[in-house]
Asks: 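A single structure is presented below for examination.
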Amino acid sequence: MAVQIQTFPPDTYRIFSIVLAYFSHNNRLPQAIKANNKMPSSLIVHTVLVCSRHPDLADVRQRVLEKAGFQVINATDLISIREACKKHKIALIMIGYSLPPAEKRRVWHEAHESCYQIPILELYESGKPELMAGNALFTEEARTPEDFLEAVRKILKAK
């Protein structure tokens, strides 16, 4: 009988060890949460809303982000963006490079209206971004999955 070993991303092992450490010392995690009235930052799972017109691209981004420990919600139209903002606590909105400039502006406007003060990351392939970077709008030239993953981590770390 063969034994199959499941591997997890390095961040997952760190989270497991932190949780285990808290619970192994007199069940301190609930007390720490009550005392600080919040979850320790190393245990927070951020939710990223991925906006893309192509489900295949959205699925690839979802797999990359989930492998890195993020929760991901895909949105393919303005209605799904609005609903996701109402139902979930979104930490970051990602607008993919497959959207034409006019559609990116509509998505940005809807995301800005529905998820007020949530950072928005516009991915672009090469050249110049279609949207102007500002307060809560970040742009990143994403040639590889590592590029946009690095941008997501940097934005959420600064938040």
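Only a predicted model underlies this, so the values are computations on that prediction, with no experimental measurement involved.
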Asks: Minimum heavy-atom separation for F148 to L121, with atom names?
Replies: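 Smallest interatomic distance, heavy atoms only, reads O-CD2, 4.5 Å.
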Asks: Taking all heavy atoms of G69 and all of V45, pick out the closest pair and write down the distance.
Replies: O-CG1, 3.6 Å
Asks: Tell me, do W108 and I93 make a side-chain contact under 4.5 Å, heavy atoms counted?
Replies: no
Asks: Using the side-chain hydrogen bond (donor to acceptor under 3.5 Å, both in side chains) rule, collect all pairs that involve residues 82-91, keeping only residues at least two apart or in two chains.
Replies: R82-E110
Asks: Quick check: closest heavy atoms across L123 and M94, and the distance to 0.1 Å?
Replies: CD1-SD, 3.6 Å
Asks: Taking the side chain as everything from C-beta on, heavy atoms only, tell me whether H46 gets closer than 4.5 Å to V152.
Replies: no
Asks: Does some side-chain heavy atom of I73 sit less than 4.5 Å from a side-chain heavy atom of V50?
Replies: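 Result no, sub-4.5 Å side-chain heavy-atom pair not found.
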Asks: Are side-chain heavy atoms of F70 and L156 found at a separation under 4.5 Å?
Replies: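 Yes. Closest side-chain heavy atoms under 4.5 Å.
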Asks: Is the shortest side-chain heavy-atom distance between P100 and R53 below 4.5 Å?
Replies: yes
Asks: For a 4.5 angstrom cut-off between non-hydrogen side-chain atoms, does N74 reach V72?
Replies: yes
Asks: Minimum heavy-atom separation for R153 and A68, please, with both atom names.
Replies: NH2-CB, 3.4 Å
Asks: Taking side chain to side chain contact (heavy atoms under 4.5 Å, CB included) as the definition, give me every residue that meets it alongside A75, ordered by chain and number, with sequence neighbours left out.
Replies: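 With sequence neighbours excluded, A75 shows a side chain to side chain contact (heavy atoms under 4.5 Å, CB included) to L49, C51, S80, I81, given in chain and number order.
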